[in-house]
Amino acid sequence: MTTDHTEESGKEKKSLNFIEAIIEEDIQNRKNDARVHTRFPPEPNGYLHIGHAKSICLNFGLAEEYNGKCNLRFDDTNPEKEDTEYVDSIMEDVRWLGFQWHGQHLYASDYFDQLFEWALLMIRQGKAYVDDQAQDVISQQRGTPTRPGIESPFRNRSVEENLDLFMRMKAGEFPNGSRVLRAKIDMASPNMHMRDPVMYRILHAEHHRTGNKWKIYPMYDYAHGQSDYLEGITHSLCTLEFEVHRPLYDWFLDQVTESAYRPRQIEFARLNLSYTVMSKRKLLELVKKGYVNGWDDPRMPTIAGMRRRGYTPASLRAFADRIGVAKRDNTIDVGLLEFMVREDLNKITPRVMAVLDPVKLIITNYPDGQTEDIELINNPEDADSGSRMVPFGKELFIERDDFMVDPPKKFFRLGPGRQVRLKGAYVIQCENFELDEQGQVSTIYCTYDPETKSGSGSSQPKVKGTLHWVDASKAIDAEVRLYDRLFSDEDPAGHKEQDFLEFLNPDSLKVLQNCKLEPMLATAKAGEKFQFQRIGYFCVDPDSKTDKPVFNRTVSLKDNWAKMNQQ
RNA sequence: UGCCCGAUGGUGUAAUUGGCAACACGUCUGACUCUGGAUCAGAAGAGUUCAGGUUCGAGACCUGAUCGGGCAACCA
């Protein structure tokens with residue numbers, strides 16, 4: 001969304017997206033009494049993902065922006081697929097994102113009685129009929145996009161017979177699939193959806209809310225618009241694939257009302273994110289086949305997964321705002337999402353010391369047995385965040401990456417003879433190092449200059465690098481889970497010949513076991529977020545135990561050194 | 001051979017009575033820095049899918065084409 005600063009007024013004038021433009025025009029014309037009432041209508045058959053987050057932010061955001069209301073309505077017209085488990089997770093996700101729906105949460109199944117009455121009305125008006133044909137016959141008669149369909153032999157039976165049959169369908173007299181109720185529209189319509197679409201099918205299935213009351217269930221096209229109408233929805237937002245359904249949405253409304261009030265369906269392009277998949281089917285497959293550890297695996301683009309990963313609601317909302325909304329197909333660079341979290345986390349997150357891949361460093365001239373407390377600022381971006389004391393001693397751990405036996409000139413860290421600052425403490429100089437049998441650096445020996453303590457103000461040697469560290473004797477052990485993109489291909493689902501699973505990134509999860517953290521982190525609670533100084537943003541995973549903290553990497557810090565090395 | 005959408009830098013989104021294309025991410029420079037983070041300063045990068053037309057003037061309007069997406073569940 002672009003803002004433009006008008007100099008005279010000093011006010012921000014936001015440019016409108018196409019939906020806002022429609023809404024403002026409707027308000028202008030006092031359409032529907034100038035009300036704005038949207039709804040978020042998930043089917044409770046899976047977990048919400050970032051694409052839904054876009055829709056949630058849109059619907060609830062528009063309601064807020066125009067002093068309107070937004071309902072949460074579960075589209076539960078298919079008892080075979082839907083479950084209460086999902087209802088709960090969806091409500092949790094919406095609330096977590098920071099939105100509150102208007103009144104109670106609602107269900108399409110709340111309207112089954114009314115929908116049935118209206119169906120009866122349509123039958124009486126000769127606008128609907130019961131078709132006894134098998135599914136594949138009906139399907140064949142529907143024709144193709146380029147060839148008109150043909151009319152069902154049952155299309156013109158009497159109102160009485162239709163009424164009788166439909167009542168008996170409701171009563172459960174017929175088996176699944178034996179009959180349907182169809183709208184009588186136009187089998188020759190160039191729009192496939194207008195070729196006598198099915199309104200009701202027979203389903204002897206237990207519904208998660210209505211139990212065994214119903215043996216027939218309404219189809220989406222029939223139920224959705226009527227539900228909107230019953231709730232007083234004014235702007236019914238959905239994704240592009242429903243564009244061709246709109247004439248049907250309007251047609252069904254025409255059959256039951258002549259009132260001036262009308263909900264309007266508006267379609268927008270769904271979100272696509274690079275390096276991931278978004279379809280429920282594919283996400284389900286990842287879970288079912290065990291490629292990830294459940295719906296809330298931090299690598300999943302689900303809201304639950306992102307929450308566990310450490311994303312904040314504010315960052316997701318900012319993301320939704322930034323990507324805007326339009327009708328053209330789009331693929332958002334996942335880098336933008338990452339930028340949004342960093343931006344938020346940078347402001348709110350306490351900085352802490354954590355060494356992921358530790359190597360021992362001994363300060364040879366530091367007195368044996370001495371320790372001291374070093375004061376560290378919690379967050380330089382937040383003046384109110386204060387400071388804390390962190391233990392420092394003769395033996396420390398530093399990051400293995402921060403030392404090179406034979407460093408290049410541009411390497412600003414430690415190497416034989418080189419000087420660096422230990423963050424918040426002293427300047428040290430590397431005097432020596434030891435290798436183990438594998439040739440890996442096992443211990444680094446340094447000397448320190450007591451005069452260089454942080455804040456001492458004394459003229460200090462200029463050093464190029466500053467390292468993070470932890471006191472070896474006081475550090476706590478932790479497990480750290482490093483997450484990377486789940487797929488190594490930008491568009492894993494976009495290959496005709498190859499299955500998306502072939503593009504799974506084998507390194508999407510790296511578990512580090514011997515990480516060393518500053519002591520204060522022992523008491524961090526699940527969900528708490530930190531910046532591991534110089535590394536990235538991390539949060540405490542629910543798997544965390546008091547004696548075994550577990551941290552998830554939300555996103556790494558921007559790393560120019562790594563970038564330089566790639567080139 | 002049908003119907004419905006869409007097309008603006010690498011990626012998104014703007015340009016609201018037609019007035020010489022803006023913002024964000026990314027990229028590249030440089031400054032600063034006790035996070036190679038953040039911040040700050042700057043740069044490159046599109047002439048708006050193409051061809052006609054209307055107009056003094058078109059990314060916006062008209063016509064045609066091209067390309068991309070969607071539509072043939074008793075799914076939503």
Side-chain angles (χ1 to χ4, degrees), chain A residues 1-4 14-17 21 24-25 41-43 45 75-78 80-82 131 134-135 138-140 142-149 176-182 189-195 197-203 216-217 219-221 223-224 238-247 267 269 274 280 322-333 335-340 342-343 346-347 351 377 380-381 410-413 420-425 427 452 454-455 460 463-468 531-536 556-564:
Chain A
M1 227 163 277
T2 312
T3 51
D4 96 54
K14 222 164 154 200
S15 65
L16 268 31
N17 65 48
E24 295 206 355
E25 197 187 324
E43 181 186 15
N45 71 340
D75 225 328
D76 57 350
T77 54
N78 188 349
E80 293 182 329
K81 291 190 177 170
E82 295 143 8
D131 196 332
Q135 186 170 166
I138 291 179
S139 166
Q140 265 187 13
R142 201 176 335 262
T144 70
T146 54
R147 215 183 55 241
N176 284 2
S178 57
R179 285 183 170 81
V180 290
L181 182 72
R182 293 226 260 169
S189 171
N191 183 339
M192 296 291 293
H193 298 278
M194 300 299 272
R195 322 241 261 227
V198 172
M199 292 171 63
Y200 273 93
R201 74 284 216 188
I202 299 171
L203 242 34
I216 55 174
Y217 290 89
M219 301 290 292
Y220 165 86
D221 282 304
H224 199 90
C238 63
T239 43
L240 249 28
E241 68 268 28
F242 292 100
E243 215 153 18
V244 281
H245 294 237
R246 195 186 335 134
E267 311 84 13
S274 62
K280 273 187 192 174
R322 183 62 73 197
I323 61 177
V325 57
K327 295 190 75 163
R328 76 182 85 144
D329 292 329
N330 63 85
T331 303
I332 309 289
D333 187 342
L336 181 61
L337 220 206
E338 292 169 352
F339 168 82
M340 290 297 166
R342 285 197 189 99
E343 188 181 49
N346 176 50
K347 287 183 295 198
R351 274 57 172 170
I377 301 288
E381 303 292 321
K410 292 280 223 175
F411 187 76
F412 299 153
R413 309 175 191 178
V420 294
R421 154 85 53 193
L422 292 176
K423 175 84 183 170
V427 172
T452 59
S454 286
Q460 303 169 353
V463 291
K464 261 301 205 184
T466 300
L467 307 187
H468 61 279
Q531 186 199 92
F532 285 4
Q533 200 94 190
R534 300 210 306 136
I535 302 174
S556 64
L557 244 33
K558 254 170 74 178
D559 189 347
N560 281 317
W561 169 245
K563 200 190 290 175
M564 272 170 66

What's the gap between [N] and [M] when it is taken at their [atom1] atoms, as a whole Å value?
N	M	atom1	answer
rU49(B)	rC74(B)	P	39 Å
rC20(B)	rU27(B)	C1'	27 Å
rU1(B)	rG68(B)	P	16 Å
rG53(B)	rA60(B)	P	14 Å

Over all strands shown, is [X] touching base, sugar-phosphate only, or nothing at heavy-atom distances under 4.0 angstrom?
X	result
K423(A)	base
L557(A)	base
I332(A)	sugar-phosphate
R246(A)	nothing
A223(A)	nothing
Q533(A)	base
V198(A)	sugar-phosphate

Gap between atoms [atom1] and [atom2], on [X] and [N] respectively (whole Å):
X	N	atom1	atom2	value
Y220(A)	rC74(B)	OH	P	16 Å
F339(A)	rG10(B)	CZ	P	21 Å
K563(A)	rG26(B)	NZ	P	8 Å
M564(A)	rG30(B)	CE	P	11 Å
N191(A)	rC5(B)	CG	P	11 Å
R182(A)	rA72(B)	CZ	P	15 Å

rU8(B) base / R328(A) side chain donor-acceptor hit below 3.5 Å: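 Indeed there is one.
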
Any donor-acceptor N/O pair under 3.5 Å between rU16(B) base and E24(A) side chain: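 Check fails, no donor-acceptor contact within cut-off.
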
Ring geometry between H245(A) and H193(A) (parallel below 30°, tilted from 30 to 60°, perpendicular above 60°):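 The rings of H193(A) and H245(A) sit tilted, inter-plane angle from 30° to 60°.
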
Residue whose closest nucleotide on RNA chain B lies nearer the 5' end, D76(A) versus R413(A):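 The answer here is R413(A).
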
RNA chain B: 5'-proximal contact among M192(A) and M340(A) (nearest heavy atom):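 The 5'-side residue here is M340(A).
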
Would you mind telling me which of [options] lies closest to the side-chain atoms of [X]?
X	options	answer
T144(A)	rG37(B), rA72(B), rA73(B)	rA72(B)
E241(A)	rA72(B), rG37(B), rG70(B)	rG70(B)
R351(A)	rC74(B), rG37(B), rG36(B)	rG37(B)

For RNA chain B, the dot-bracket pattern of Watson-Crick and G-U pairs whose distances stay under 3.5 Å, | for other-strand partners: .((((((..((((.....[..)))).(((((.......))))).....(((((..]....))))))))))).....

Over 12 foreign heavy atoms within 6.0 Å of CD, Q140(A):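 Atom CD in Q140(A) is not crowded, with 12 or fewer foreign heavy atoms closer than 6.0 Å.
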
Option passing side chain to side chain donor-acceptor pair (under 3.5 Å) with N45(A) (candidates E82(A), K280(A), K81(A)):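 It is K280(A), the one option of E82(A), K280(A), K81(A) that forms the side chain to side chain donor-acceptor pair (under 3.5 Å) with N45(A).
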
